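Only this structure's heavy atoms are used, side chains among them; waters, hydrogens and symmetry mates stay out. The structure presented is a predicted model; accordingly, all values stated were derived computationally and were not measured.
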Amino acid sequence: MSANTLNLTPAVYAYFQKISVRDTEVLQKLREQTQKMSMSQMQISPEQGQFMGLLIELMGARKTLDIGVFTGYSALSVAMALPPDGKVIACDLNVEWTKIAQRFWEMAGVAHKIDLRLAPALDTLQALIDANEAGTFDFAFIDADKMNYLEYYEKALFLLRKGGLIAIDNVLWSGDVADPSIHDENTCMIRKVNETLLTDERVTISMLPIGDGLTLALKR
């Protein structure tokens, strides 16, 4: 028993991953490919991807949003958990990164489930709203530029059905959000997002210390 979340030492974290992550060859290869990149820290952890897949199965989700694709690990994790007719609307701007993502989606046999929209994510989300798709999505993952996090959240919430779930990444921001001496724009925005969700009566929330911090917001 413990009143606090366990501190994961390197040894405990290695055991945790070894004994809990059900990996696939494609996921492993995608992580290895991404680790060669200078921005590799942007990729979510394997346990977070697996957790998101579990959420998809629990919800019986069929229609989802992936806001911030990078090399495609989150979209891949979700698509693998979706039923054959499931769909991920994946939003990103970077052609180079998403080409890597598309290659691995093909390797995993889930490319037909992922609709990549290469445009500013806010434009893509607004286009979905304009197409009368509000209230039709089951799940949304937000992991893009931090300065637009609140706008992504508002649009995603509008697109979600009642009982739909938003997962917001990087909410602990490597611990910087807890350091009052840090005032850069991204850190301040993430603090604002966290404070906003704490008092948002439209959702039920839970912040989890997984990866770089993940907040789940269930639409009431």
Side-chain angles (χ1 to χ4, degrees), residues 5-35 37 39-59 61 64-82 86 88-92 97-98 100-101 104-105 108 110 113-114 121 137-146 149 152-153 156 160 164-178 186 190 193-194 197 203 205-218:
T5 298
L6 178 68
N7 179 32
L8 295 183
T9 64
V12 174
Y13 184 54
Y15 173 81
F16 167 70
Q17 286 196 323
K18 179 181 178 181
I19 207 67
S20 70
V21 175
R22 293 181 174 180
D23 228 345
T24 69
E25 184 179 0
V26 176
L27 288 171
Q28 287 179 327
K29 287 183 176 179
L30 177 52
R31 290 201 304 275
E32 291 168 1
Q33 175 70 39
T34 306
Q35 283 301 312
M37 301 168 60
M39 302 292 286
S40 62
Q41 74 277 4
M42 289 172 55
Q43 186 174 68
I44 64 171
S45 64
E47 62 269 18
Q48 183 173 330
Q50 181 169 294
F51 176 63
M52 288 165 56
L54 175 63
L55 292 175
I56 294 301
E57 289 194 41
L58 279 171
M59 298 177 67
T64 76
L65 291 164
D66 190 75
I67 304 169
V69 174
F70 189 37
T71 57
Y73 198 93
S74 56
L76 176 57
S77 298
V78 168
M80 289 169 60
L82 286 171
V88 181
I89 304 296
C91 309
D92 209 292
W97 294 345
T98 54
I100 296 171
F104 282 90
W105 297 341
V110 297
K113 298 182 185 180
I114 304 174
F137 284 81
D138 303 300
F139 178 83
F141 179 54
I142 300 175
D143 185 21
D145 57 294
K146 310 313 169 196
Y149 255 35
Y152 294 143
Y153 169 68
L160 249 61
L165 187 69
I166 299 177
I168 306 174
D169 201 28
N170 303 118
V171 293
L172 294 178
W173 203 229
S174 300
D176 286 357
V177 287
N186 285 332
I190 293 173
V193 170
N194 292 340
L197 265 72
V203 294
I205 66 165
S206 181
M207 182 186 287
L208 305 175
I210 185 173
D212 194 28
L214 185 73
T215 290
L216 302 179
L218 182 75

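- Nearest heavy atom pair, residue Gly164 against residue Met59, reads CA-CE, 4.0 Å.
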Side-chain donor/acceptor pairs under 3.5 Å, residues 72-81, sequence neighbours excluded:
unit_1 : atom_1 : unit_2 : atom_2 : d
Tyr73  : OH     : Arg31  : NH1    : 2.9
Ser74  : OG     : Asp66  : OD1    : 2.8
Ser74  : OG     : Asp66  : OD2    : 3.4
Ser77  : OG     : Tyr73  : O      : 2.9

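- Here Met52 contributes atom CE and Phe141 contributes atom CZ; the two are 4.5 Å apart, rounded to the nearest 0.5 Å.
- Atom OH of Tyr15 is surrounded by 12 or fewer heavy atoms from other residues, nucleotides or ligands within 6.0 Å.
- Residues Pro209 and Thr5 share a closest heavy-atom pair of CG-CG2, 3.9 Å.
- Looking at heavy atoms from C-beta onward, Ile67 lies out of side-chain contact with Tyr149 at the 4.5 angstrom threshold.
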Practice task
Could you walk me through whether Leu55 and Leu216 pass the side-chain contact (heavy atoms from CB on, under 4.5 Å) test, one step at a time?
Solution key: CA-CA 10 Å; Leu55 292 175; Leu216 302 179; 4.0 Å; yes
Handout entry: Residues Ile210, Phe51; criterion side-chain contact (heavy atoms from CB on, under 4.5 Å); working and verdict
Key = CA-CA 9 Å; Ile210 185 173; Phe51 176 63; 4.2 Å; yes
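- Here Trp97 pairs with Phe70 under the ring-ring contact (aromatic ring centres under 6.0 Å, His included) rule; sequence neighbours left out.
- Using a 4.5 Å cut-off on side-chain heavy atoms (C-beta onward), Gln33 and Thr71 make no contact.
- Interatomic distance, OG1 of Thr9 versus CZ of Phe16, reported as 12.5 Å (0.5 Å rounding).
- Separation of atoms NZ (Lys29) and CG (Asp23) is listed at 12.5 Å; rounding is to 0.5 Å.
- The distance from atom OG1 of Thr34 to atom CD1 of Ile44, rounded to the nearest 0.5 Å, is 10.5 Å.
- Smallest separation of non-hydrogen atoms from Gln17 and Pro46: NE2-CG, 3.3 Å.
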Practice task
I would like to know whether Leu208 and Val171 meet side-chain contact (heavy atoms from CB on, under 4.5 Å); could you show each step before the answer?
Solution key: CA-CA 9 Å; Leu208 305 175; Val171 293; over 6 Å; no
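- Here OG1 of Thr215 is found 10.5 Å from CG of Asn170. Values are rounded to the nearest 0.5 Å.
- When all heavy atoms of Lys146 and Asn186 are compared, the pair lying nearest together is CB-OD1, 3.5 Å.
- Looking at heavy atoms from C-beta onward, Ile100 lies in side-chain contact with Leu30 at the 4.5 angstrom threshold.
- Summarising the geometry of Gly68 relative to Asp92, their closest heavy-atom pair is C-OD2, 3.7 Å, with the distance given to 0.1 Å.
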Exercise for the section: Go through the steps for Val203 and Leu218 under the test side-chain contact (heavy atoms from CB on, under 4.5 Å), then give the verdict. Expected result: CA-CA 5 Å; Val203 294; Leu218 182 75; 5.8 Å; no
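- Considering Ile89, Ile56, Leu160 in turn, Ile56 is the only one that fulfils the side-chain contact (heavy atoms from CB on, under 4.5 Å) rule with Thr64.
- Using modelled atom types, one side-chain atom of Asp212 and one backbone atom of Ser174 make a donor-acceptor pair closer than 3.5 Å.
- Atom CD of Glu25 has 12 or fewer heavy atoms from other residues, nucleotides or ligands within 6.0 Å.
- Here Leu27 contributes atom CG and Arg22 contributes atom CZ; the two are 13.5 Å apart, rounded to the nearest 0.5 Å.
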